Amino acid sequence: MNSLAKSPRPAPRPAAGPVDAPDPAPLPGAAADPPTTGPVAAPPPRRVRDMTTGELGRAGEDLAAAHLGACGWQIVERNLRLRHGELDIVALAHTTLVFVEVKTRRSFVTGVPQAAVTPDKLRRLRRLAGEYLMERSTPHRDVRIDVVAVHARLDGTFAIEHLEAVS
């Protein structure tokens, strides 16, 4: 026989003991087996660099709405499409009706987010606010336009800057 050849090993034998032993009772506080069926966990959130421009914008608007709600504002409308454009957020801050433009960027290559609100954009927002006020009767005393700038960092954190009464 070749010295390098191995002889087949016998299969391990099961330990001796009772074959039909009952399962021991679970210990108090012991973790249960995971269920084989049931709700599936939500997928992990997408990374900022993997988001499309639309997804990034929606994430920024969700974050801005959550910020305004945490400040005690009442969100009246979101992503409201009117005849001449869209309003991101319409909210009530006490008795002031606020039209909020949200700008989200993941880098400063094209400038800070709030710089995207140009004088032309402000004119369009004023026109949209007038169209909104002509169509709806939300009770208010004052009206103003705010900008919320959201910087989405690549590490998954966000920074918010709220500019009040830009117009």
Side-chain angles (χ1 to χ4, degrees), residues 28-167:
D33 291 335
T36 56
T37 61
V40 178
R46 293 192 61 177
R47 296 180 351 173
V48 169
R49 79 176 56 189
D50 297 337
M51 290 181 173
T52 64
T53 303
E55 291 172 335
L56 185 66
R58 279 189 293 280
E61 289 176 5
D62 289 345
L63 194 63
H67 167 73
L68 297 175
C71 291
W73 293 23
Q74 178 187 357
I75 305 297
V76 178
E77 303 268 0
R78 286 189 60 186
N79 300 323
L80 178 65
R81 291 192 180 275
L82 298 173
R83 192 171 351 127
H84 295 102
E86 180 180 304
L87 292 168
D88 290 338
I89 298 173
V90 180
L92 270 173
H94 304 289
T95 59
T96 302
L97 188 63
V98 184
F99 299 94
V100 181
E101 178 69 12
V102 180
K103 290 294 178 188
T104 306
R105 297 287 184 270
R106 70 181 109 216
S107 76
F108 294 143
V109 171
T110 58
V112 293
Q114 55 271 35
V117 183
T118 61
D120 286 342
K121 179 73 174 180
L122 281 176
R123 274 193 289 278
R124 196 165 65 82
L125 287 171
R126 283 193 291 269
R127 193 175 322 122
L128 288 170
E131 186 178 339
Y132 176 88
L133 292 171
M134 293 295 287
E135 293 180 0
R136 290 171 173 75
S137 58
T138 305
H140 64 279
R141 285 193 180 165
D142 297 316
V143 175
R144 73 172 193 244
I145 296 175
D146 289 3
V147 172
V148 173
V150 179
H151 178 219
R153 299 183 184 121
L154 294 180
D155 64 357
T157 60
F158 291 84
I160 294 179
E161 186 175 357
H162 184 173
L163 307 173
E164 294 185 0
V166 295
S167 177

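On a predicted model such as this, the values are computed, not experimentally measured, just so you know.
For Asp88, the side chain to side chain donor-acceptor pair (under 3.5 Å) test picks out no residue, with sequence neighbours left out. In this view, Arg49 satisfies the salt bridge (Lys or Arg N to Asp or Glu O under 4.0 Å) rule with no residue, not counting sequence neighbours. Not counting sequence neighbours, Glu164 has no partner by the side chain to side chain donor-acceptor pair (under 3.5 Å) test. For Asp62, the salt bridge (Lys or Arg N to Asp or Glu O under 4.0 Å) partners two or more places apart in sequence, or in a different chain, are Arg78. In this view, Ala59 and Met51 satisfy the side chain to side chain contact (heavy atoms under 4.5 Å, CB included) rule, not counting sequence neighbours. For Arg136, the salt bridge (Lys or Arg N to Asp or Glu O under 4.0 Å) test picks out Glu77, with sequence neighbours left out. A search for side chain to side chain contact (heavy atoms under 4.5 Å, CB included) contacts involving Ser107 returns Val109, not counting sequence neighbours. Not counting sequence neighbours, the partners of Arg81 by the salt bridge (Lys or Arg N to Asp or Glu O under 4.0 Å) test are Glu86. Residues passing the side chain to side chain donor-acceptor pair (under 3.5 Å) test with Arg123, sequence neighbours excluded: Asp120. For His67, the side chain to side chain donor-acceptor pair (under 3.5 Å) test picks out no residue, with sequence neighbours left out.
Side-chain atoms of Val48 and Phe158, non-hydrogen and from C-beta on, do get closer than 4.5 Å to each other. The shortest distance between side-chain heavy atoms of Gln114 and Val147 falls below 4.5 Å. The shortest distance between side-chain heavy atoms of His162 and Leu68 falls below 4.5 Å. Between Arg144 and Phe99 the shortest side-chain heavy-atom distance does not fall below 4.5 Å. Counting heavy atoms from C-beta outward, Leu97 and Val90 have side chains that approach closer than 4.5 Å.
What you find for Val98 and Ala93 is that their closest heavy atoms are CG2-CB, 4.2 Å. Scanning both residues, Ala159 and Arg153, for their nearest heavy atoms gives CB-NH2, 3.4 Å. The heavy-atom pair separating Leu92 from Pro139 by the smallest distance is CD2-O, 3.7 Å. Among all heavy-atom pairs drawn from Val148 and Ala64, the shortest one is CG1-CB, 3.8 Å. Across all non-hydrogen atoms, the minimal contact from Ala165 to Asp146 is N-OD1, 2.8 Å.
In this structure a side-chain-to-backbone donor-acceptor pair under 3.5 Å is missing from Asp142 to Thr96.
Note that OG1 of Thr104 is 11.5 Å distant from CZ of Arg58, once rounded to the nearest 0.5 Å. To the nearest 0.5 Å, atom CG of residue Leu87 and atom CG of residue Leu82 are 5.0 Å apart.
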Please list every donor-acceptor pair under 3.5 Å in which a side-chain atom of residues 125-135 meets a protein atom from a residue at least two apart or in another chain.
unit_1: Arg126; atom_1: NH1; unit_2: Ser167; atom_2: OG; d: 2.6
unit_1: Glu131; atom_1: OE1; unit_2: His84; atom_2: ND1; d: 3.1
unit_1: Glu131; atom_1: OE2; unit_2: Arg83; atom_2: N; d: 2.8
unit_1: Tyr132; atom_1: OH; unit_2: Thr138; atom_2: OG1; d: 2.9

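Pairs passing the salt bridge (Lys or Arg N to Asp or Glu O under 4.0 Å) check and including a residue from residues 98-118, sequence neighbours excluded, read Glu101-Lys103, Glu101-Lys121.
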